[in-house]
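Letters go in sequence order (proteins before strands), and every chain restarts at 1. Quick caveat, the model's predicted, so the values are computed rather than measured.
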Protein chains: 2
Amino acid sequence: MTYLPDQLQKTPGFELITCFAFLHPISEEIATFISGKSTYLSVKKGKFIRSTLDTKEKLYFIIRGCVRGFIKDEGQEITTWINGENHVVGSIRSLGLDQETEEHLQVIEDSLLIEIERQAIDEMYERFPEANIIGRKILERYYRDAEERAFLSRLPSAERRYRRFTRTRPELVGRIPMKYVASYLSMTLETLCRIRAKALQNPPL
Amino acid sequence: MTYLPDQLQKTPGFELITCFAFLHPISEEIATFISGKSTYLSVKKGKFIRSTLDTKEKLYFIIRGCVRGFIKDEGQEITTWINGENHVVGSIRSLGLDQETEEHLQVIEDSLLIEIERQAIDEMYERFPEANIIGRKILERYYRDAEERAFLSRLPSAERRYRRFTRTRPELVGRIPMKYVASYLSMTLETLCRIRAKALQNPPL
DNA sequence: TTAAATTATTGACATATATCAATAACTTTT
DNA sequence: AAAAGTTATTGATATATGTCAATAATTTAA
């Protein structure tokens, strides 16, 4: 934050610009571009982002709050990720696994977001080649996170998945409604309850 | 391939360079750099790559063959991905979820690979900023793939996971030993057998 | 080409986790 | 502050999938 020009501190989207600046020094032109494309969005707990009416893909930077992504499969919701402050969510990349499996976003805490159109990001990559350095670094991080999610959910026992979750995502423990955690960990709410009850008996060394 | 300078066709690592060139026009300097850092590696089926002796992180481009990644957890191997031709595997990014969960690579078909040190890729990003465009695009793709893996493994029924696998990875069906498929789909070999037997009865419309 | 080893299939049984249901603890709304 | 609506907990039972075991089919090695 300290090495951002002062005037940026009050410019729209400065939180996102600051986040980028941690990855790579950011030119004033890029900062101005991002600022011009950023919109603040205050979303109440429980609301879904990205109305079905709007076909444009969007990215969201979480300033405050928490968002989950889920996919509907045969009627039931499967939570595929949960993220909090300083994360980028949404169309990180044309995630579109395919048409049937469209991802939905739900805010699970009152949240303040910055919204940017996917198209604006692509334009940024075109106009400012250095922006690709930032994009690449962010994607490296998100790739690793996605790998972790893929690994976590392959652990064969519910209890191990829960333990791994508490170990790798301590910032979410106690913050997220259990039903979402259960969905994220591929187990029912009841199973998660029982595992937690058991964990309280055998105190975590 | 057509728009690659002719002399590249015979240069070490040209398969990887060609792959990159599909994403973004590649300068002769970058091509030469990659070429200089590429080593061919022929690996027999069943062998593990990345000996434990060698601490350097490496990337591998699969020219021919197939490789799986797995993590050992409480004694058992969990296959987290399986990839064939034209994929990059290995330290796409310091995947290191953490020390305990180190990823292992095993070749599951006689394979021809190009090996590059992670460090060389980082150097490439430094010296040739345009390379970040390629890196970003590759990571976008790999992020999407990792999302798919994370989703697949969260499907609550073994049969649905198998169906999704056959639908999204048709190129692997019938090619990969069932035991690896089973591990990738988070089920036992026996369960996979039974699901396949059942699938044969109810012919796939 | 046979022998040895690995991988796949099928069956019987065990078990972790899902499902269904009733209540309790919270949260939000009025 | 009470009412209404969620979300969490706990119990009883069902079921999908794991485990163990015996063979069959393939693949690899001799």
Side-chain angles (χ1 to χ4, degrees), chain A residues 43-48 65-66 68 70 73-79 82 106-111 152-166 172-202, chain B residues 43-48 65-66 68 70 73-79 82 106-111 152-166 172-202:
Chain A
V43 187
K44 282 285 175 191
K45 179 174 172 175
K47 294 290 176 198
F48 299 90
C66 200
R68 77 180 179 114
F70 66 91
D73 187 84
E74 306 201 355
Q76 89 186 279
E77 297 181 358
I78 297 175
T79 300
I82 303 175
Q106 184 179 28
V107 158
I108 56 183
E109 273 178 11
D110 291 357
S111 297
L152 168 74
S153 62
R154 278 183 174 78
L155 290 171
S157 107
E159 193 173 337
R160 264 152 77 191
R161 291 198 296 280
Y162 176 70
R163 284 210 308 265
R164 176 117 196 141
F165 171 71
T166 56
L172 295 182
V173 175
R175 177 177 172 180
I176 306 301
M178 302 259 294
K179 60 175 184 167
Y180 300 133
V181 174
S183 168
Y184 178 65
L185 296 179
S186 305
M187 65 183 77
T188 59
L189 178 60
E190 293 92 327
T191 297
L192 179 55
C193 266
R194 289 183 246 264
I195 286 172
R196 286 176 78 223
K198 220 175 94 188
L200 286 177
Q201 286 168 19
N202 305 31
Chain B
V43 187
K44 282 287 177 189
K45 180 174 172 175
K47 293 292 176 197
F48 299 91
C66 202
R68 77 180 180 114
F70 66 91
D73 187 83
E74 308 203 353
Q76 88 187 277
E77 297 181 359
I78 298 176
T79 299
I82 303 174
Q106 184 179 30
V107 159
I108 56 183
E109 273 178 11
D110 290 357
S111 297
L152 168 74
S153 61
R154 278 181 174 78
L155 290 171
S157 107
E159 193 173 337
R160 263 151 78 192
R161 291 198 296 281
Y162 177 68
R163 283 209 308 265
R164 176 118 196 140
F165 172 71
T166 56
L172 294 181
V173 175
R175 178 177 173 181
I176 306 301
M178 302 259 294
K179 60 174 182 167
Y180 300 133
V181 174
S183 168
Y184 178 65
L185 296 179
S186 305
M187 64 183 78
T188 58
L189 178 60
E190 292 92 327
T191 297
L192 179 55
C193 265
R194 288 184 247 264
I195 285 172
R196 286 177 77 223
K198 220 175 92 187
L200 286 177
Q201 285 166 20
N202 304 31

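Among the protein residues, A/E159 comes within range of no part of the nucleic acid, since none of its heavy atoms lies under 4.0 Å from any strand. Nucleic acid contact class of B/K45 (heavy atoms, under 4.0 Å, all strands): sugar-phosphate only. Within 4.0 Å (heavy atoms only), B/R194 reaches at least one base atom of the nucleic acid.
Listed for the A/R68 side chain is no donor-acceptor partner under 3.5 Å among the backbone atoms of A/T79.
A close approach under 4.0 Å does not occur between any side-chain nitrogen or oxygen of B/T188 and OP1 or OP2 of D/dT17.
When rounded to the nearest whole Å, the span between CD of B/E190 and C1' of D/dT23 equals 13 Å. Between the C1' atom of D/dA16 and the CD1 atom of B/I195 lies a distance of 10 Å, rounded to the nearest Å. The distance between atom CZ of B/R175 and atom C1' of C/dA8, rounded to the nearest whole Å, is 20 Å. The distance between atom CZ of B/R154 and atom P of C/dT17, rounded to the nearest whole Å, is 16 Å. Following rounding to the nearest Å, B/L192 (CG) and D/dT19 (P) show an atom-to-atom distance of 15 Å. Between the P atom of D/dT28 and the NZ atom of B/K44 lies a distance of 10 Å, rounded to the nearest Å. Computed from coordinates, the A/K198 NZ to D/dT10 P distance equals 14 Å when rounded to whole Å. Residue B/E109 contributes atom CD, which lies 16 Å from atom C1' of D/dT28 at whole-angstrom precision.
Considering only the side chain of A/L189, D/dT9 comes nearest among C/dT10, D/dT9, C/dT19. Of the candidate nucleotides C/dA8, D/dT9, D/dT10, D/dT9 has the atom lying nearest to any side-chain atom of A/M178. The side chain of B/R196 has C/dT9 as its nearest neighbour among C/dT17, C/dT9, D/dT9.
The 5' end of DNA chain C is approached more closely, in terms of each residue's nearest nucleotide, by B/K179 than by the other of B/K179 and A/S186.
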Assess the residue pair A/E190 and A/R194 against the criterion (salt bridge (charged side-chain N to carboxylate O under 4.0 Å, His left out)); give the C-alpha distance rounded to whole Å, side-chain angles, the decisive distance to 0.1 Å, and a yes or no. CA-CA 6 Å; A/E190 293 92 327; A/R194 289 183 246 264; 5.8 Å; no
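With rounding to the nearest 0.5 angstrom, the CD atom of B/Q106 is 11.0 Å from the SG atom of B/C66.
Between B/A158 and B/M187 the shortest heavy-atom distance is O-CE, 3.2 Å.
Within the 4.5 Å cutoff, the side chain of B/Q76 has heavy atoms near those of the A/P156 side chain.
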